[in-house]
Amino acid sequence: MAFLKTRIDGNLAILDKRLANRPFILGARPTIADISTMAYLHYPADETGYDLAASHPAITSLPASMVPASTITATGSPGNISAMPATEK
């Protein structure tokens, strides 16, 4: 397990470094690389042992930048976010 943790730490460091100076992994727009990475970033810290906000702060900015803030609306219970465009009234 120590070997795998070392590999994960190295990969997270590379990703964090890339996201430190650009909004997405490969540049200014999201690609399949960003979308596929999102799935791995949503596991809770108590299940993974990683507090990404503390150890890799640039990585934690990726989910918020995937959808423009103007298209996000809160629905249902707190924390339940829909990425569907807001409807006009």
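- The line from CD1 of I35 to CZ of F24 is 9.5 Å long, rounded to the nearest 0.5 Å.
- Every residue meeting the side chain to side chain contact (heavy atoms under 4.5 Å, CB included) condition with T48, not counting sequence neighbours, appears here in chain and number order: Y43, Y50.
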- Decide yes or no on side-chain contact (heavy atoms from CB on, under 4.5 Å) for L12 and L52, but give the supporting numbers first. CA-CA 9 Å; L12 287 173; L52 292 177; 4.0 Å; yes

Extract all donor-acceptor atom pairs below 3.5 Å that involve side chains of residues 13-21 and protein atoms in other chains or at least two apart in sequence.
residue: D16; atom: OD1; partner: A58; partner atom: N; Å: 2.9
residue: D16; atom: OD1; partner: I59; partner atom: N; Å: 3.2
residue: R18; atom: NE; partner: I25; partner atom: O; Å: 3.0
residue: R18; atom: NH2; partner: I25; partner atom: O; Å: 3.1

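- Judged as a salt bridge (Lys or Arg N to Asp or Glu O under 4.0 Å), the pairs with a partner in residues 1-10 (not counting sequence neighbours) are, in order, K5-D9.
- A donor-acceptor contact shorter than 3.5 Å links the side chain of D34 to the backbone of T31.
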